[in-house]
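Within every chain, numbering begins at 1; the chains are lettered A, B, ... in the order of the sequence lines, protein sequences first and strands thereafter.
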Amino acid sequence: MCGRFALTGSLNWLFRLLFLEPPPVFADRYNIAPTQPVFAFLYDIDRNCLRYDFLSWGLVPPFVKDPGEISTLINARAETLREKPAFKNAFRYRRCILPASGFYEWKRAGATAEPFYFSAAADAGQLCLAGIWEIWHGEGGEQMNSCAIITVPANRTVQKVHHRMPAIIAPDQIAAWLNPETAPVDLLRLLRPASDNLLTCIRVGSYVNSPRNEGPECVSPEVPKGPFQPDLFFE
DNA sequence: CCAGACGTTGTT
DNA sequence: GTCTGG
DNA sequence: CCAGACGTTGTT
DNA sequence: GTCTGG
């Protein structure tokens, strides 16, 4: 699955690819967690244009009375997107791309969970995660835009840590994914586990565990804990 | 017909 | 809103 | 996803 | 244990 990710560095290549003007500033984010605003490229069927926006991570279906009523829809299984009432309309009409430098997965080992960071092996930069988004209207006219990340079975690299992973769209498929004219069957074809050579994996420290923590330390490799820690004694 | 769910993950 | 279950 | 809270009353 | 918050 995908419950935490990072977005750092310049996205200019993506803006250029989509013929959009980049915003002047873009803060590095190392620990993007559910409920937070996430940056997204999306097709807006109402305005009939491709644009970007910030979406609240955790999809709120339009039929709920209170956005707090549903809180865990941070992922949507690719296998059942078309059938699930909470997702089908979003899949049909509101797809998005969530750029990510990498994503975190936790490996469960009994009571403990060890965090791992997956990023593009080619050092080429960001990944494009496939998402769906939704518009929620409150009784008082308030509006909330939210999103979920689509998951697929893990590839060989991710399998070592977890059995699901985010769907990653290749740069040359982004336009097709966002295009409102693309047929559902062709959309589903894009939702495949990434090829095994796309990602590298490192074990990171538990610093990232708390969503309150930010900064590059989130992706720092785990400091091995051995019986000997001379630095502590001879400081 | 109306009532009630509508989602994922992991764990048991 | 729309589908499923009773 | 993990971390952290988990409660009421009355008064300022 | 379970729910809420980030």
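Here Tyr207(A) sits alone; no ILVMFWY side chain lies under 4.5 Å from its own, so it joins no hydrophobic cluster. Summarising the hydrophobic clusters (Ile, Leu, Val, Met, Phe, Trp, Tyr; side-chain heavy atoms under 4.5 Å, direct or chained), the residues clustered with Val219(A) are Tyr30(A), Tyr104(A), Trp106(A), Tyr117(A), Ile202(A), Val204(A), Val208(A). Val25(A) forms part of no hydrophobic cluster, judged by ILVMFWY side-chain heavy-atom separations under 4.5 Å.
Rounded to an integer number of Å, the gap from Phe103(A) CZ to dT9(B) P is 13 Å. When rounded to the nearest whole Å, the span between CG of Leu59(A) and P of dC1(D) equals 16 Å.
dT11(B) sits 14 Å from dA3(D) when the P atoms are compared, rounded to a whole Å. Comparing the same atom, C1', in dG10(D) and in dC3(E) gives a spacing of 27 Å after rounding to whole Å. Here the separation of dG7(B) from dG1(E), taken at their P atoms, is 27 Å to the nearest Å. Straight-line distance between the C1' atoms of dT9(D) and dC2(B): roughly 43 Å, to the nearest whole Å.
Note on Ser210(A): only backbone sugar-phosphate atoms sit closer than 4.0 angstrom, heavy atoms only; bases stay farther off. Contact annotation for Ala113(A): backbone-only contact, meaning every heavy-atom pair under 4.0 Å involves sugar-phosphate atoms and none involves a base. Counting any heavy atom pair closer than 4.0 Å across all strands shown, His163(A) reaches sugar-phosphate atoms only and no base atom. Nucleic acid contact for Arg212(A): sugar-phosphate only, since backbone atoms but no base atoms lie under 4.0 Å from a heavy atom of the residue. No engagement by Pro62(A) is indicated, since no non-hydrogen atom pair under 4.0 Å with the nucleic acid exists.
The ring pair (Phe, Tyr, Trp, His ring centres under 6.0 Å) contacts involving residues 52-90 of chain A comprise Phe5(A)-Trp57(A), Phe15(A)-Tyr52(A), Phe39(A)-Tyr52(A), Phe39(A)-Phe54(A), where partners must be two or more places apart or lie in separate chains. Identified under the side-chain hydrogen bond (donor to acceptor under 3.5 Å, both in side chains) test for residues 185-194 of chain A, with sequence neighbours left out: Asp186(A)-Arg189(A).
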Side-chain donor-acceptor pairs of residues 170-178 of chain A under 3.5 Å, sequence neighbours excluded:
unit_1	atom_1	unit_2	atom_2	d
Trp177(A)	NE1	Cys96(A)	O	2.9

Please report, to 0.1 Å, the donor-acceptor pairs under 3.5 Å made by any side chain of residues 148-161 of chain A, with sequence neighbours excluded.
unit_1	atom_1	unit_2	atom_2	d
Thr151(A)	OG1	Arg164(A)	NH2	3.2
Asn155(A)	OD1	Thr157(A)	N	3.1
Asn155(A)	OD1	Val158(A)	N	3.0
Asn155(A)	ND2	Ala194(A)	O	3.0
Asn155(A)	ND2	Ser195(A)	O	3.4
Arg156(A)	NE	Asp196(A)	OD2	3.4
Thr157(A)	OG1	Asp196(A)	O	3.0

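Under 4.0 Å is where a charged nitrogen must lie from a carboxylate oxygen, and between Glu114(A) and Lys107(A) no such pair does.
Residues forming a side chain to side chain donor-acceptor pair (under 3.5 Å) with Arg4(A) (at least two apart in sequence, or on another chain): Asn31(A). With sequence neighbours excluded, no residue forms a side chain to side chain donor-acceptor pair (under 3.5 Å) with Ser56(A).
For Arg108(A), a side-chain nitrogen or oxygen approaches OP1 or OP2 of dT11(B) to under 4.0 Å.
No more than 12 heavy atoms of other residues, nucleotides or ligands lie within 6.0 Å of CD in Glu21(A), so this atom counts as exposed by the packing criterion.
Test Arg94(A), Lys88(A), Arg95(A) against Glu134(A) for salt bridge (Lys or Arg N to Asp or Glu O under 4.0 Å) and you get one pass: Arg94(A).
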Look for any protein N or O under 3.5 Å of an N or O in nucleotides 4-6 of chain C and output each such pair with its distance, or none.
none

For this session: List the protein contact pattern of nucleotides 3-8 of chain B with one symbol per nucleotide (5' to 3'): B for base contact, S for sugar-phosphate-only contact, - for none; contact means a heavy-atom distance under 4.0 Å.
Result: ---BBS
Exercise. Which dot-bracket string describes DNA chain B (Watson-Crick N1-N3 plus N6-O4 or O6-N4, or G-U N1-O2 and O6-N3, all under 3.5 Å; [ ] crossing; | other strand)?
Worked result: ||||||......
